[in-house]
Protein chains: 2
Amino acid sequence: MLARMPDSAAPGLTIGQVAERTGLSVHALRFYEREGILAHPVRREAGGRRVYAERDVEWLSVCVVLRASGMPLPDIRAYTDLVRQGPGNEEQRLVLMRRHQERVQEQMARLSESYDLISYKVRVYEDRVEQAGEAHAC
Amino acid sequence: MLARMPDSAAPGLTIGQVAERTGLSVHALRFYEREGILAHPVRREAGGRRVYAERDVEWLSVCVVLRASGMPLPDIRAYTDLVRQGPGNEEQRLVLMRRHQERVQEQMARLSESYDLISYKVRVYEDRVEQAGEAHAC
DNA sequence: AGTTGACCTAGAGCCGCCTCTAGGGGCTAG
DNA sequence: CTAGCCCCTAGAGGCGGCTCTAGGTCAACT
């Protein structure tokens, strides 16, 4: 049991383990790889199975956060490309990240405006429901 | 010019005008109507053209906010149905709105966590870019 | 020897939400 | 009269982002 667990030094994770740790599905992981969303090529076991390293999990976790905040896959891919190219393009990475940061800010602003309206509606309905209850009581 | 403008009392808006005011496309407006996202049926001019009232614009503006905060169309439709049925189902509307309110809260929380990471990344790259600049200067 | 289970590839399919097309009507200005 | 514009319906198409299928490999338990 606990098969294919190279047991020390460089752990070497299966796609299933990575899925569990990142919250992405196995399918999504393969899909992301095809889309070029991996800073380093995945090693392969004899037999063709993917062998992930800890840093892949870290990278993918960053990607999950970027996705969760609405960064489109093409942008994540562009960022990944920059990272894969190594040091020297920090300005470009900065541009990408700043742009995303602004979008997230806007998103948060819009969301909180929406939240205000929704809260208002909730209050209105709470009042109405309460008054209906009192009417019954009389 | 300024054709088909019944000029007083009940304005009567064309689909194009509603599109402009709500920010929705003409296509989207027809689509929403088919989907039952209109509290009151739209009147039709002789010739079959839709004639919207001010309250439709108001309702659609609410829907735009709900959409912007991620409420799925089926939920908006359910809410619309409740509103169309008239008073008496405020508890149900409240349930719907509260559920959405919670989702929006979660969304905001996740977004602000993401924002922290993104801001961190931005800071890191700012530093690196700055240091690279200094290195050049030396 | 057979069964299980995690993995593989290539590609099709799906969901949500529009967006666009085809084909047509009708008003108004020039 | 015709050009331009906005409108109509029904239904196809597109996009983003996965998700699933078919058909197969391989290693491990029973």
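Computation of the quantities below employed the complete heavy-atom set of this structure, encompassing side-chain atoms and omitting hydrogens, waters and symmetry-equivalent molecules. Numbers restart at 1 for each chain; the letters A, B, ... are given by sequence-line order, proteins then strands.
- Between D/dT19 and A/Arg34, no contact under 4.0 Å exists linking OP1 or OP2 to a side-chain N or O.
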Point to revise | Working for side-chain hydrogen bond (donor to acceptor under 3.5 Å, both in side chains), residues A/Gln101 and B/Ser119 | key: CA-CA 7 Å; A/Gln101 188 184 31; B/Ser119 300; 3.1 Å; yes
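- When the nearest nucleotides of DNA chain C are assigned to B/Arg30 and A/Val26 by heavy-atom distance, the more 5′-ward of the two goes with A/Val26.
- A salt bridge is absent between A/Glu126 and A/Lys121: the closest approach of a Lys/Arg side-chain nitrogen to an acidic carboxylate oxygen does not fall below 4.0 angstrom.
- Atom CD of B/Gln17 is separated from atom P of D/dC5 by 17 Å (rounded to the nearest Å).
- Using a 4.0 Å heavy-atom distance criterion, B/Arg50 is classed as a sugar-phosphate-only contact.
- Taking 4.0 Å as the cut-off between side-chain N and carboxylate O, B/Arg50 and B/Glu45 do not count as a salt-bridged pair.
- Put simply, A/Ser25 has no side-chain N or O that comes within less than 4.0 Å of OP1 or OP2 on D/dC18.
- At a threshold of 4.0 Å, the pair B/Arg103-B/Asp75 counts as salt-bridged, since one of the basic side-chain nitrogens sits closer than that to a carboxylate oxygen.
- Whole-Å rounding puts the A/Glu45 CD to C/dC8 C1' distance at 11 Å.
- The interatomic distance linking A/Leu29 (CG) with C/dT9 (C1') rounds to 16 Å, in whole Å.
- If you measure from atom CG of A/Leu13 to atom P of C/dA6, you get 16 Å, rounded to the nearest angstrom.
- Residue B/Phe31 contributes atom CZ, which lies 15 Å from atom P of D/dA12 at whole-angstrom precision.
- Residue A/Arg67 places at least one side-chain N or O closer than 4.0 Å to OP1 or OP2 of D/dG17.
- Summarising the geometry, the separation between CD on A/Glu33 and P on C/dT9 is reported as 7 Å, rounded to the nearest angstrom.
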Review point. Given the rule in the ring pair (Phe, Tyr, Trp, His ring centres under 6.0 Å) test, do A/Trp59 and A/Tyr79 qualify, once you have shown the distances and angles that lead to the verdict?
Key: CA-CA 11 Å; A/Trp59 175 253; A/Tyr79 179 52; 5.5 Å; yes
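- Regarding contacts with the backbone of D/dT9, a side-chain N or O of B/Arg44 is found under 4.0 angstrom from either OP1 or OP2.
- As a whole-Å value, the separation of A/His27 NE2 from D/dA22 P is 12 Å.
- In terms of position along DNA chain D, the nucleotide closest to B/Ile15 lies nearer the 5' end than the nucleotide closest to the other residue of the pair A/Gly70 and B/Ile15.
- Backbone-only contact: A/Gly16 has heavy atoms under 4.0 Å from sugar-phosphate atoms and none from a base.
- Taking atom CD of residue A/Glu35 and atom P of nucleotide D/dG16, one finds them 10 Å apart after rounding to whole Å.
- For A/Arg49 and C/dA6, the shortest distance from a side-chain N or O to OP1 or OP2 is not below 4.0 Å.
- The side chain of A/Tyr32 contributes an N or O atom lying less than 4.0 Å from OP1 or OP2 of D/dC18.
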